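Excluded from the calculations below are hydrogen atoms, water molecules and symmetry mates; all remaining heavy atoms, backbone and side chain alike, are included. One-based numbering, in listed order, for ligands and for the atoms of each. In this text, all values refer to a predicted model and were calculated from it rather than measured experimentally.
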Amino acid sequence: MIILGIETSCDETAAAVMDGEGRMLSHAVLSQIAEHVPYGGIVPEIAARAHLAHLDRLVEKAMADAGVDYADLDGVAATAGPGLIGGVLVGLMTGKAIAAVHDIPLIAVNHLEGHALTPRFTDKVAFPYLLLLVSGGHCQLLAVEGVGRYRRLGTTVDDAAGEAFDKVAKMLGLGYPGGPAIERAAREGDAQRFAFPRPMKGKAGCDFSFSGLKTAVRLAAEALPPGPLAEKDVNDLAASFQAALVDSIADRVARAAEMFKNIHPNGTTLVVSGGVAANSALRSTLANTAKRAGLTLVAPPVALCTDNAVMIAWVGVERLKLGLTDSLDVKARPRWPLDPTAPKAGGAGVKA
Ligand code: KG4
Ligand code: ZN
């Protein structure tokens, strides 16, 4: 089986080819970050235009790098949501066109399912498993029970974790994207200097909240002597913020692990995915959290935790094997929850 995957839901334009065993045959990815940096965040209109300008070339490159021809494809998988709708439309229309012209099945992929099923090809993880999905747009805890079968255990009630990193970085003058910049600054800083709140810690359930923490960082920065922040202050604020955020996430994950174990006593694995999973402080804390809960932590390679087309191609593989394909009139969806029975999440950055 050979599948082409296409990803355009945020600020990464990507195309990848994968085989039925989950071997990555190629991955062409173009980050638009430089185009968004002047604005301090992603501008949807710029993202859509950039996808349009680059996607055809990236698809050609992915096909050439994999050494396959369109006649070799068994299907094309394209992200159909959730995400910035202009970009999603560009990728989905491209996928539809390839499917129509070459008369192959289309798989309209939920981007979140891409993140959710990634450990299935990177680490051959079996169902069911507990998933912490933490990125710029998503912050959820899910029991992953099968292809298309998810139970949402918790979600953010305001910002996504990556969004909190990005906003705090902007506040501290560290630029965009904020996560890597905060992590770098935090390495030089004193995490004990500011006693920031651990949002939701100790509360029932396993929802997240980060806006209070963000405000606490702003107030602490404003309480410092006027003028530009000193490097040491920035580093200490970053370190104290990161410690609070990681602590809060670890508390939520510990509770989710209890819920997961009640539903699936034989479950053995905690997976962390999404861009924030690149954070090494988070990874090492979660390794302990998992251990205490009797679970093993699986963190896919960073390049496959952030947005990519390989995970979209893989969802294509899993779905095509089950005969789950879509018709050419399938619609792009800005919101598309993995667990349709879960109450709608309210956060500004929440797309599902
Ligand atoms: O998964 P991703 O590439 O795109 C979305 O679907 O959102 O995640 C991007 C997010 C950004 O908010 C970025 O600041 C965050 O992941 N991020 C990090 C790190 N690297 C990326 N956050 C914390 N620490 C990092 N090292
Ligand atoms: Zn994503």
Checklist line | salt bridge (Lys or Arg N to Asp or Glu O under 4.0 Å): pairs with one or both residues in residues 200-215, sequence neighbours excluded | finding: Asp159-Lys214, Lys201-Asp247
Notebook entry, point to check: Is it the side chain (CB and beyond), the backbone, both or neither of Asp166 that lies under 4.0 Å from ligand 1, heavy atoms counted?
Noted result: side chain
Notebook entry, point to check: So, is the end of the Arg120 side chain (NZ or CZ) under 6.0 Å from the ring centre of Tyr129 and within 45° of the ring's axis?
Noted result: no
Notebook entry, point to check: Does Gly137 reach ligand 1 with a nitrogen or oxygen that is under 3.5 Å from one of the ligand's nitrogen or oxygen atoms?
Noted result: yes
Checklist line | Asp307 atom OD1 and His111 atom NE2 as seen from the Zn ion (ligand 2), angle to 10 degrees | finding: 90°
Next item on the list: Between Pro180, Ala186, Cys139, Gly178, flag the one that comes closest to atom 19 (C) of ligand 1 by a heavy atom.
Entry: Pro180
Next item on the list: Report yes if some N/O of Gly274 lies less than 3.5 Å from some N/O of ligand 1; otherwise report no.
Entry: no
Check: Is a side-chain N or O of His51 found less than 3.5 angstrom from the main chain of Val90, in a donor-acceptor match?
Finding: no
Check: Residues two or more places apart in sequence or in another chain: which of them pass salt bridge (charged side-chain N to carboxylate O under 4.0 Å, His left out) with Asp65?
Finding: Lys61
Notebook entry, point to check: Do any nitrogen or oxygen atoms of His115 lie less than 3.5 angstrom from nitrogen or oxygen atoms of ligand 1?
Noted result: no
Check: Any N or O of Gly275 that comes nearer than 3.5 Å to an N or O of ligand 1?
Finding: yes
Item checked: Pair Asp236-Gln192, side-chain donor/acceptor within less than 3.5 Å -> no
Check: Can an N or O of Gly136 be found at a distance shorter than 3.5 Å from an N or O of ligand 1?
Finding: yes
